[in-house]
2 protein chains.
Amino acid sequence: MDQIAAVGAAVRLSDATLAEFHREGFMFFPNVFAADEVELLRREAHAIFELDRQEVWRESTGVARTAFAAQTYNEAYRRLGAHPRLIAPVEQLLGGRLYMHQFKINAKAAFDGEVWQWHQDYGTWQRDDAMPEPLAMNIAIFLDDVTAVNGPLFLIPGSHAAGVQAAGHDLATTSYPLWTLGRETVRTLAEAGGIVAPLGKAGSMLMFHSNLVHASPPNISPFGRTIVYLSLCRTDNHIRKFARKAWIAHRDFTPIEALADDCLRELAQTTAPPPA
Amino acid sequence: MDQIAAVGAAVRLSDATLAEFHREGFMFFPNVFAADEVELLRREAHAIFELDRQEVWRESTGVARTAFAAQTYNEAYRRLGAHPRLIAPVEQLLGGRLYMHQFKINAKAAFDGEVWQWHQDYGTWQRDDAMPEPLAMNIAIFLDDVTAVNGPLFLIPGSHAAGVQAAGHDLATTSYPLWTLGRETVRTLAEAGGIVAPLGKAGSMLMFHSNLVHASPPNISPFGRTIVYLSLCRTDNHIRKFARKAWIAHRDFTPIEALADDCLRELAQTTAPPPA
């Protein structure tokens, strides 16, 4: 994982890392983005959460839960969505050019951030968007330190290997409709693979298979936990059904051209707030 | 912590451990109870959860949340409540003889275990029971492995030092009425002391000050997380108000005589289920 861990270095996943991904269904890379890059993204995320836009969904209490499609209306997130530290390893792993299927900034606000029940992302993409195959990768970029206390992501290692599981459409638990798995399915998978909670500093990056079963508990702590989730899909695997809003399930299948490695840092330096 | 960590050894807290307790408000001891002792307690806990008694409280879904006063109707828990690995260090720390103020087995069931909001136990004991001083100790004994994913206890180190905080009586969030702290109070204390989640194997023991601010999130995992909570109070500090049920806030102030160190092991050996 050293290739990505060294900020700014060329990205090429080793055979050992690839083998681990195929077995476990996820890869965790600490320190992918440096403090100035994270600070830029965090500042812009909080500005986006204040916007009165249809793309910004809220918890029942009114605080932001998810902001969709920020790469289409924010320069920092436009650059993040074409960042070579994401694009290069996912092109390598999926074996082709990529487009952005979904782009979310999940706030999981202090005290108010609600549960995400156990689910597979590809389950939703298959059912709702007619994506042909699970040839898409989830990427989670931590904008805050993720600890045991602020609602970390829970993953069931190896659960991607069993394919799409039966699911029910949960419209009740939280404000976002989701295809969620039954308890017996979750229990069986977790007894086989266990459950892990990848914890790490802001700037860390988690990549996980679109069939990996995951969830996250409420955040009852006073510490925020903002994570950017990008879903990169192989262009020839683009969705066939356009039932959901285009800002939720994107329809621009043009291959992403990766930007330069300093694309975020350059913006951070030109837009940093003046010293207090 | 080696004194308690060595199962069965005589218990005497070192000056360094005492200093750490006074500063942080808690002490964590792994491996206090051995596998056979834990297995006995776990088996008896699950039998108790099946009982149709007023002492067994349930979540809104019907699964057990808390069983009170098991030391008064179960032999294994009677012995646990007088176990020298608990009684000796708490007598040393509080400087006097002890009685049992409260005794709970908290189930935090797989999938269904609900949140415990941020609170101080002594806040409730002072308001509801007129306990004169915070001269009582909370002891948590893990009957399951406690991990980041099954609803671990969250503690704010050092938060005991500020004394009793203002609190509101929460009758809505869960099935158990609790004096809970406001968000600004929790935020201020957590920014000063951080938040820790003591994780450990079944058989571990956590002791924490009765003014330490703590909470625990829901358990969304398929793994149970049963913890026994005992609250030992100095006999001369006994409660003055008898507003709550006697099986919630006990009224037997007779000093506890510690049993022999093998009291649980002996019972485990005589009551083990026959080989399958």
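We name chains A, B, ... by the order of the sequence lines, and we start the count at 1 in each one.
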Relative to chain A, which of B:A197, B:A190, B:A110 shows the most heavy atom pairs under 4.5 Å? B:A190
Is any side-chain N of the basic residue among B:D112 and A:R183 closer than 4.0 Å to the acidic one's carboxylate O? yes
Within the 3.5 Å criterion, strictly below it, is a donor on A:Q120 or A:S159 matched to an acceptor on the partner's side chain? no
Shorter than 4.5 Å, heavy atoms on both sides: which option in A:G151, A:A215, A:P222, A:P217 has the most such pairs with chain B? A:P222
Contact class of B:F154 relative to chain A, heavy atoms under 4.5 angstrom: side chain
Does the side chain of A:N106 come under 3.5 Å of the side chain of A:T66 through a donor N or O and an acceptor N or O? yes
Side chains of A:E114 and A:S60 only: does a donor on one sit below 3.5 Å from an acceptor on the other? yes
B:T147 portion near chain A, given a 4.5 angstrom heavy-atom threshold: neither
